[in-house]
Visitor: 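This is the structure, below, for whatever I ask next.
Order of appearance sets the numbers: ligands from 1, and atoms from 1 within every ligand.
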Amino acid sequence: MLVTLKSPDCADSVASRLQALGLWTEKLRGGGGTRALYVRSDSASVELARVEAIDGVAAVWLPPDSHPLLDRLAGHAVVAGGAAIGHGHPPILVAGPCSVESPEQIDAAARACKRAGASLLRGGAFKPRTSPYSFSGHGAEALGWLRQAADAAGLGVVTEVLSEREVEAVAEKADLLQIGSRNMHAFALLRAAGRAKKPVLLKRGMAATIEEWLLAAEHLLVAGAAGVIFCERGLRSFDPATRNLLDLGAVALLAGVHRLPVIVDPSHAAGRRDLIAPLARAAIAAGAHGLMVESHPDPARAQSDGPQALDEDALVGLAARCSIHREQEVRP
Ligand code: PEP
Ligand code: MN
């Protein structure tokens with residue numbers, strides 16, 4: 001933001017009034033002294049009218065908006081699988097296994113999710129795996145198992161779409177399309193997913209800035225996505241003690257300042273089940289509109305991410321500790 005001044009003499013008084021509002025400025029000097037103040041981007045978000053009303057302010061200039069479609073979603077919830085996620089709604093729970101392994105496994109997982117008060121069932125049919133030799137999901141067949149299990153339990157479905165080729169098949173079964181962390185920058189995939197016109201759960205790239213994350217959401221919306229829910233899942237850090245580094249500052253910024261829907265995935269952030277509950281509670285305290293947690297009927301036998309999976313009782317306990325109660329169904 002640029003604030004022009006009626007006279008260079010007002011520079012100090014305007015700067016201190018702005019600072020009192022949480023706006024940090026740099027003086028822009030021209031011939032004859034300071035003509036304008038540049039408001040730094042790490043400042044608070046303040047209504048324009050409050051800045052314009054300051055004595056000595058001539059005009060306020062906003063930079064061109066880099067994500068206009070996204071900004072229009074501020075303050076609105078996204079409805080997916082019968083749940084409203086975002087500003088003004090109680091936190092929701094998305095839970096289920098890392099991978100959909102069999103009809104029996106996903107049925108049991110869905111029943112546990114229902115008992116815990118979850119709104120959506122998660123589970124990977126197409127799995128992004130670091131090693132080409134790891135289990136990479138049962139593909140299209142698993143999408144059918146996932147949908148059936150969710151329907152039987154009265155849950156919505158979220159599952160990852162890994163490539164442009166699979167968008168149609170995934171969109172046919174899922175209420176919410178997931179773009180994984182590794183694909184946040186895959187712009188052709190974002191466009192293809194957006195064209196399905198469904199809401200999208202956009203996981204943050206593990207080394208993506210918040211602005212890059214917001215712009216990835218804009219790609220989805222430009223292509224026609226019905227809405228975007230952000231998912232913070234931890235950043236790559238220098239320290240292997242936890243799998244990733246959960247960025248709760250980003251959650252507070254998106255939820256509290258930008259008023260955009262954001263949920264937190266403590267499972268991929270921690271990588272170990274004993275840290276899920278404290279991170280989940282911290283996420284809710286930071287303003288998250290929901291949690292995405294990996295759970296499994298028998299974590300010791302999970303084909304992927306077993307060490308971070310919660311069993312049924314742990315999932316139910318977690319939901320209770322985070323005061324998650326399923327909201328009344330909302331129709332899209
Ligand atoms: C997942 O949620 O299944 C997943 C692979 O997570 P991420 O993309 O955050 O690594
Ligand atoms: Mn996983």
Side-chain angles (χ1 to χ4, degrees), residues 80 93-101 105-106 109 113 118 120-132 134-139 142-143 146 150 156-163 166 170 173-186 189-190 193 200-208 212-213 216-217 220 228-237 240 242-248 250-251 262-273 275-276 279-280 283 288 290-311 315:
L93 177 65
V94 180
C98 182
S99 308
V100 179
E101 298 167 6
Q105 174 248 17
I106 195 67
C113 292
L120 289 111
L121 178 65
R122 63 146 288 144
F126 300 96
K127 292 300 302 173
R129 301 308 301 276
T130 304
S131 163
S134 301
F135 172 63
S136 59
H138 289 297
L143 290 175
L146 179 64
V157 164
V158 54
T159 191
E160 178 161 352
V161 50
L162 204 53
S163 83
E166 290 138 14
V170 173
K173 300 289 184 194
D175 301 296
L176 181 62
L177 307 183
Q178 178 172 325
I179 298 288
S181 184
R182 290 155 191 81
N183 279 325
M184 192 210 85
H185 291 289
L189 175 60
L190 296 177
V200 178
L201 181 69
L202 179 61
K203 298 194 96 175
R204 182 178 182 183
M206 56 188 88
E212 287 166 343
W213 198 13
L220 289 164
V228 179
I229 299 160
F230 294 86
C231 180
E232 164 60 38
R233 46 78 74 204
L235 304 173
R236 169 73 49 94
S237 92
T242 55
R243 186 171 174 179
N244 290 291
L245 184 67
L246 186 61
D247 183 1
L248 290 179
V251 176
V262 55
I263 69 171
V264 166
D265 169 356
S267 305
H268 290 93
R272 44 188 291 171
R273 73 175 64 95
L275 299 184
I276 308 294
L279 292 186
L291 300 169
M292 176 145 106
V293 176
E294 284 190 345
S295 58
H296 194 287
D298 186 357
R301 290 179 200 280
Q303 283 188 271
S304 56
D305 284 350
Q308 68 198 33
L310 301 184
D311 66 15
L315 182 68

Visitor: Can you report which non-hydrogen protein atom sits closest to atom 8 (O) of ligand 1, along with the distance?
Guide: Ser181 N, 2.8 Å

Visitor: Rounding to 10°, state the angle centred on the Mn ion (ligand 2) that links OD2 in Asp305 with NE2 in His268.
Guide: 90°

Visitor: For Glu101, run the side chain to side chain donor-acceptor pair (under 3.5 Å) check against His138, Arg301, His296 and tell me which one passes.
Guide: His296

Visitor: I need the atoms of ligand 1 closer than 4.0 Å to a non-hydrogen atom of Arg233, numbered in the order shown.
Guide: 7 (P), 9 (O), 10 (O)

Visitor: Check this for me, if you would: do Arg122 and Glu294 make a salt bridge, where the nitrogen-to-carboxylate-oxygen distance has to be below 4.0 angstrom?
Guide: yes

Visitor: Below 4.0 Å from any atom of ligand 1, is there a heavy atom belonging to Arg122?
Guide: yes

Visitor: Should you measure from each heavy atom of Gly180, which atoms of ligand 1 turn up under 4.0 Å away?
Guide: 8 (O)

Visitor: So is there a nitrogen or oxygen of Lys203 less than 3.5 Å from a nitrogen or oxygen in ligand 1?
Guide: yes

Visitor: Any ion pair linking Arg243 and Asp305 (charged N to carboxylate O, less than 4.0 Å)?
Guide: yes

Visitor: Which pair of heavy atoms, one from Leu279 and one from Pro266, lies closest together, and at what distance?
Guide: CB-CB, 3.8 Å

Visitor: Using a strict 4.0 Å cut-off to heavy atoms of Gln178, name the atoms of ligand 1 that fall inside it.
Guide: 1 (C), 2 (O), 3 (O)

Visitor: For Glu232, run the side chain to side chain donor-acceptor pair (under 3.5 Å) check against His268, Lys203, Arg204 and tell me which one passes.
Guide: Arg204

Visitor: Distance-only, no hydrogens or angles: does the Ser99 side chain make a donor-acceptor pair with backbone N or O of Gly124 under 3.5 Å?
Guide: no

Visitor: Measure Lys127 to ligand 1 on non-hydrogen atoms and call it side chain, backbone, both or neither using the 4.0 Å cut-off.
Guide: side chain

Visitor: If you look at Glu294, which of its N/O/S atoms is nearest to the Mn ion (ligand 2)?
Guide: OE2

Visitor: Indicate the atoms forming the closest heavy-atom contact of Arg273 with Pro299, along with that distance.
Guide: NH2-CB, 3.4 Å

